[in-house]
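Just so it is clear: chains get the letters A, B, ... in the order the sequence lines come, proteins before strands, and each one is counted from 1.
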Number of protein chains: 4
Amino acid sequence: MARTAQPQARWQRRKEARPAELARAALACFAERGFAAASLDEIAARAGVTKGTLYLYFPNKEALFKEVVRQALVPWIAAFEAKVRASDSPTHQLERLISVWPEFVAAPHLAVLPKLMIAEAGNFPELAQFYLREVIARARRLVTGILRRGMARGEFRRTDPKAAFFTVIAPLLIAVVWRHSFEQHDDTPIDVASLCKTHTAILLDGLVARKEER
Amino acid sequence: MARTAQPQARWQRRKEARPAELARAALACFAERGFAAASLDEIAARAGVTKGTLYLYFPNKEALFKEVVRQALVPWIAAFEAKVRASDSPTHQLERLISVWPEFVAAPHLAVLPKLMIAEAGNFPELAQFYLREVIARARRLVTGILRRGMARGEFRRTDPKAAFFTVIAPLLIAVVWRHSFEQHDDTPIDVASLCKTHTAILLDGLVARKEER
Amino acid sequence: MARTAQPQARWQRRKEARPAELARAALACFAERGFAAASLDEIAARAGVTKGTLYLYFPNKEALFKEVVRQALVPWIAAFEAKVRASDSPTHQLERLISVWPEFVAAPHLAVLPKLMIAEAGNFPELAQFYLREVIARARRLVTGILRRGMARGEFRRTDPKAAFFTVIAPLLIAVVWRHSFEQHDDTPIDVASLCKTHTAILLDGLVARKEER
Amino acid sequence: MARTAQPQARWQRRKEARPAELARAALACFAERGFAAASLDEIAARAGVTKGTLYLYFPNKEALFKEVVRQALVPWIAAFEAKVRASDSPTHQLERLISVWPEFVAAPHLAVLPKLMIAEAGNFPELAQFYLREVIARARRLVTGILRRGMARGEFRRTDPKAAFFTVIAPLLIAVVWRHSFEQHDDTPIDVASLCKTHTAILLDGLVARKEER
DNA sequence: GATGAATGAGATTTCATTCAT
DNA sequence: GATGAATGAAATCTCATTCAT
């Protein structure tokens, strides 16, 4: 009973899947613990391989971090911009931008990045610049564009668009960050949908009550 | 009676001054490198003592970190609370609350703490809970209190106070975080004062333009 | 095909052999210096590995110690039990039990363990309980079992078996302990074989002389 | 209201008591943990002084250990020998020697020494020699003397007195040692009185049953 | 391609000892 | 005489990285 030559199926089966698996595991670990506290042992274990294997794909821990984060950043931007185009009214565009946020928060691979970037930007300048250029700057252009158009059309009150950008975006950002830092230690989880609804309302009409509405 | 040359004492007794000095040095190191990357050697050196001395005052690195956070942040929360108590009108209270922020952002090293907490919450559950309890919860009580009173008095429109808390606070928080993660890589630094002004305006009156003002 | 000169491998893989080698080296160090004074550096050096390697096999120094005790002593207890099972007469069983002792005393490093356990029981409660459970209790069961059977058969006089256990075992124990504490400072070394012979004689027939022998 | 000059009563009151207090505390710590694991902090705390004070009385840890142990050894011997003189019959002398043992076991400062000496003899040769000379050798002379006289009078069977010494003394020794090493980890404490009674019985008459008694 | 045993530098932590007060 | 803050050397332990298999 001759044992037919197995074309080393054990490894081949996974060969193409590997890099993506490693990236997913690494991203999750880095996001949970930060760069320094994430151990290669843990990343490897989570990816179902051994530590040595990581070094087949990445020259060292820092390169692994940068590569994995850089790759994960790309989807963020496109997804982000696409959502806004569907409308023409600046008000509706803002509403829409905020209303898709809960989707982002729920997507595990995307939601993890802002916290990670906030935590590690100081230690990884190139990465920070990349994030700044490819994510933040584009988001800023998107939002300030909406605001400027709204002001030009008389739909929005005059404000400094660059400053207003923070008021528009920050609560959304904090929501994702919260998810991955404090929520597990808090007793009451935040309701992202409700948060977005309230944020939209305040953003557009303010906190102050008025007799007559627009 | 001229002061004779002191044969350089190997060390000096600084019983009361020490803990604060150590905490200050530690804060600076944690701010620069993050919790994990800050070494006790470096902290000790910056404080002008040896590693062993750190252990006279703190049982371990984590306790040192916790103490640093406590000493640095709690006074600020108190300051914010005091600022709010000084006024009676909810609208003015919000305005004042936001107006102290630039001072907070400018305090040396202090403003890194929110970023540090975001980064390390996952690694130090106890610290995260402490921060939640002593900082976030107090801030939340402060803001939701203002909002509720405003609504009760008919001064503010009805919203979910817990959700609105994020819209009030998040832009401020992002401003501090920005300082220590992306600002150095961006070409135009943010102007915190202007940001606070814009934020207050939008927060109170919204983005949408109206014929008649309050 | 001559074996070419090996460019001295930095290290070798010894997966299966390692734990036993490490335990052996550790036993020697613990025996010479005691638990606290034995340094991991020294143990590693003696085993021909680096400190880090120890942690591949044992989570910490205490676990290493525990493993050393377990590996070294448990086989001996089993040997004693086997020796006893080989006979049927309680008297012979006691004789045989004692007659193996010189071998135990002569086994290299092994005989320090009782002394080490006496010295460290206070510092390692868990280890003390392990030793009590796996070594002392088994020895006690073995001896009291023999005594009880002897009494039941009328071969031995009635005594409290748990108290008699001490009279049976203590001189043997003291002999090993002596070896590693006082013998080197005494002028005349003890002759374990003779000691065992005398002990057996007294144990069975007492010191007091009689007209008629059994 | 002039404050009368207090002749620094605070320290003077204790001046003479100090050394004894220190010695007591040190002995207890060393006995509990062994030389290496006993910390000067703990000893000082137990004595109600600070670490620095220890260095007023002893040049270093090793000297403290040796001095304290050496001083504690002296009472052992005298107390031990005095008990035996009261009788003339070797059998009674042995009985008496064993019967006073429970007193030793109960005396905290004495009972602690055998364990300590067993544990540290290897690391402190001079101390071991002192103990050997002043305690063990004298005890050996005492016991072998009794045995030899008993044999000469035909009261005891002929045995090697030096070997028999172990059978006589070991169970007693083990009882004290047990007290300070394993008893706290065992569920059933040993009953020293019962142990001594049983030991006497076996020692004199052996385990083996006989028709006619002496 | 994958493994995982081994490394070794560096981290935190401990503690006997010193010395200004 | 007593203190206790400070030291500094050495201990245990961790972990990114290497490399024989």
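Between the side chain of K51(B) and the base of dT7(F), no donor-acceptor pair of N or O atoms lies under 3.5 Å.
Between A36(B) and A37(D), the residue anchored closer to the 5' end of DNA chain E is A36(B), taking for each the nucleotide with the nearest heavy atom.
When rounded to the nearest whole Å, the span between CG of L56(C) and C1' of dT3(E) equals 14 Å. Rounded to whole Å, atom P of dT14(F) lies 14 Å from atom CZ of R33(A). Distance CG (D41(B)) to C1' (dG10(E)): 9 Å, rounded to an integer number of Å. We find that CG of L54(C) is positioned 17 Å from P of dC15(F), with the value rounded to whole Å. Across the protein-nucleic acid pair, F35(B) atom CZ and dA11(E) atom P stand 14 Å apart, rounded to whole Å. Note: CD (E42(A)) to C1' (dA16(F)) measures 14 Å, nearest angstrom. A straight line from CG of L22(D) to P of dG1(F) spans 13 Å, rounded to a whole angstrom.
In plain terms, the two heavy atoms of K51(B) and A44(B) that are nearest each other are N-CB, 3.7 Å. When all heavy atoms are compared, the tightest approach of N123(C) to A37(D) is ND2-CB, 3.5 Å.
Listed by residue number, N60(D), K61(D) are the residues of residues 58-69 of chain D with a heavy-atom contact under 4.0 Å to DNA chain E.
Listed for the K61(D) side chain is no donor-acceptor partner under 3.5 Å among the backbone atoms of S39(D).
Helix bend of the helix from dA2(E)-dT21(F) to dT21(E)-dA2(F): the angle between its two end axes, each built from five pairs, comes to 0° after rounding to 10°.
If you check every strand for non-hydrogen atoms under 4.0 Å, A38(A) touches sugar and phosphate atoms only. If you check every strand for non-hydrogen atoms under 4.0 Å, S39(D) touches sugar and phosphate atoms only. Within 4.0 Å (heavy atoms only), L40(C) reaches sugar-phosphate atoms of the nucleic acid but no base atom.
For dT17(F), the OP1/OP2 oxygens have a side-chain nitrogen or oxygen of Y55(A) closer than 4.0 Å. Remark: T50(B) is not in phosphate contact with dA6(F), judged by side-chain N or O atoms under 4.0 Å from OP1 or OP2.
Figure legend: R70(A) and F130(A) shown as a cation-pi pair, the cationic atom lying under 6.0 angstrom from the six-membered ring centre and within 45 degrees of its axis.
The aromatic rings of F35(B) and F124(B) sit perpendicular, their planes meeting at an angle over 60°, well past the 30° parallel limit.
Taking every side-chain heavy atom of Y57(A) into account, dA2(E) is the closest of dT7(E), dA5(F), dA2(E). Among the nucleotides dT3(E), dA6(F), dA2(F), the one closest to the side chain of R18(B) is dA6(F).
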Can you list the steps and then say if M117(B) with S181(A) is a side-chain contact (heavy atoms from CB on, under 4.5 Å)?
CA-CA 8 Å; M117(B) 284 307 313; S181(A) 47; over 6 Å; no
For L113(A) and L27(A): C-alpha separation, side-chain torsions, deciding distance, then whether side-chain contact (heavy atoms from CB on, under 4.5 Å) applies.
CA-CA 8 Å; L113(A) 278 169; L27(A) 187 60; 4.1 Å; yes
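Checked against the 6.0 Å centroid criterion, the rings of F58(C) and F65(C) do not qualify as a close aromatic pair.
Salt bridge status for R24(D) with E21(D): absent, with no side-chain N to carboxylate O gap under 4.0 Å. Between E120(D) and K115(D), none of the side-chain N atoms (NZ, or NE/NH1/NH2) sits under 4.0 Å from a carboxylate O, so this pair counts as no salt bridge.
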